[in-house]
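The structure displayed is predicted, hence computed values, not measured ones. For the single chain, residues carry numbers from 1 onward in sequence order. All values below were derived from every heavy atom in this structure, side-chain atoms included, with hydrogens, water molecules and symmetry-related copies excluded.
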Amino acid sequence: MSHATTRTAARPALAALSAVAAVAALAAVPAPAAGSPLGDHELRDRLTVTVEHAGKGLDGRYRLDCHPRGGDHPHAAAACARLDELTRPARPATAGPGGFAGPALGAGPEGPAGPRDPFAPSVPRPFCTMVDGGPATARITGWWDGRRVNAAYDRHDGCRTARWDAMVPVLPEIRAAR
């Protein structure tokens, strides 16, 4: 076999090896979060907070970026920390003796540790004080932890006011008029 024949025979093998290497390199690239156009985790925690009728200096539209922190939200560091506190530590309890794990803290929309999904719609409750917390409304839209967010907040009764207050400093703190 001549030297030229050996090179010709090696070309298909080299091409196949190159194709396998290219596919392997593509497989190593992480896929974006399901439903998220933002594949980079560093960019997935991006929210727009719109507040109306909260009062002078509190109304506005703010961008809140977390991980890394950015945007023009007036309390970005504290707001990102609060959202992390409310959403990221929600993990199932580990089983204790006898295999019983018990209810996870904060399970469901609200629990002993507070809301686990602060963006979940307000759940009607049989006992809410009919104390109106004022005309303030807010909407939070964007992406958090790879999930689309579109949540509305108001202060029209005691339960809704408590839901708002749980989101401070993402939403502004509103003090009762004296």
Taking C-beta and beyond as the side chain, do Thr48 and Arg61 meet within less than 4.5 Å on heavy atoms?
yes
Within this structure, what is the OG1-NE2 distance for the pair Thr137 and His156, rounded to the nearest 0.5 Å?
7.0 Å
Identify the two heavy atoms, one from Gly71 and one from Asp65, that lie closest to each other, and give their separation to 0.1 Å.
N-OD2, 3.9 Å
Tell me if a side-chain donor or acceptor on Trp164 pairs with a main-chain N or O of Pro172 at a distance below 3.5 Å.
yes
Are any side-chain N or O atoms of Asp72 and backbone N or O atoms of Arg63, one a donor and one an acceptor, separated by less than 3.5 Å?
yes
Do Val170 and Leu86 come within less than 4.5 Å of each other through their side chains, counting heavy atoms only?
no
I need the minimum non-hydrogen distance between Asp59 and Ala54, along with the two atoms involved.
OD1-N, 2.6 Å
Give me the atom names and distance for the closest heavy-atom approach of Ala138 to Leu171.
CB-CD2, 3.6 Å
Write down the atom of Ala76, the atom of Arg69, and the distance for their closest heavy-atom approach.
C-CD, 3.5 Å
Any side-chain heavy-atom pair of His67 and Asp84 under 4.5 Å:
yes
Are the side chains of Asn150 and Arg139 in touch, meaning some heavy atoms are under 4.5 Å apart?
yes
Roughly how far, to the nearest 0.5 Å, is CG of Asp165 from CE of Met167?
11.5 Å
Can you find a heavy atom in the side chain of His73 that is under 4.5 Å from one in the side chain of Leu47?
no
Where do Phe119 and Arg147 come nearest, in terms of heavy atoms and distance?
CD1-NH2, 4.3 Å
Asp132 CG to Thr161 OG1 distance, which is reported to the nearest 0.5 Å
7.0 Å
Would you say Thr141 and Arg148 make side-chain contact, with heavy atoms under 4.5 Å?
no
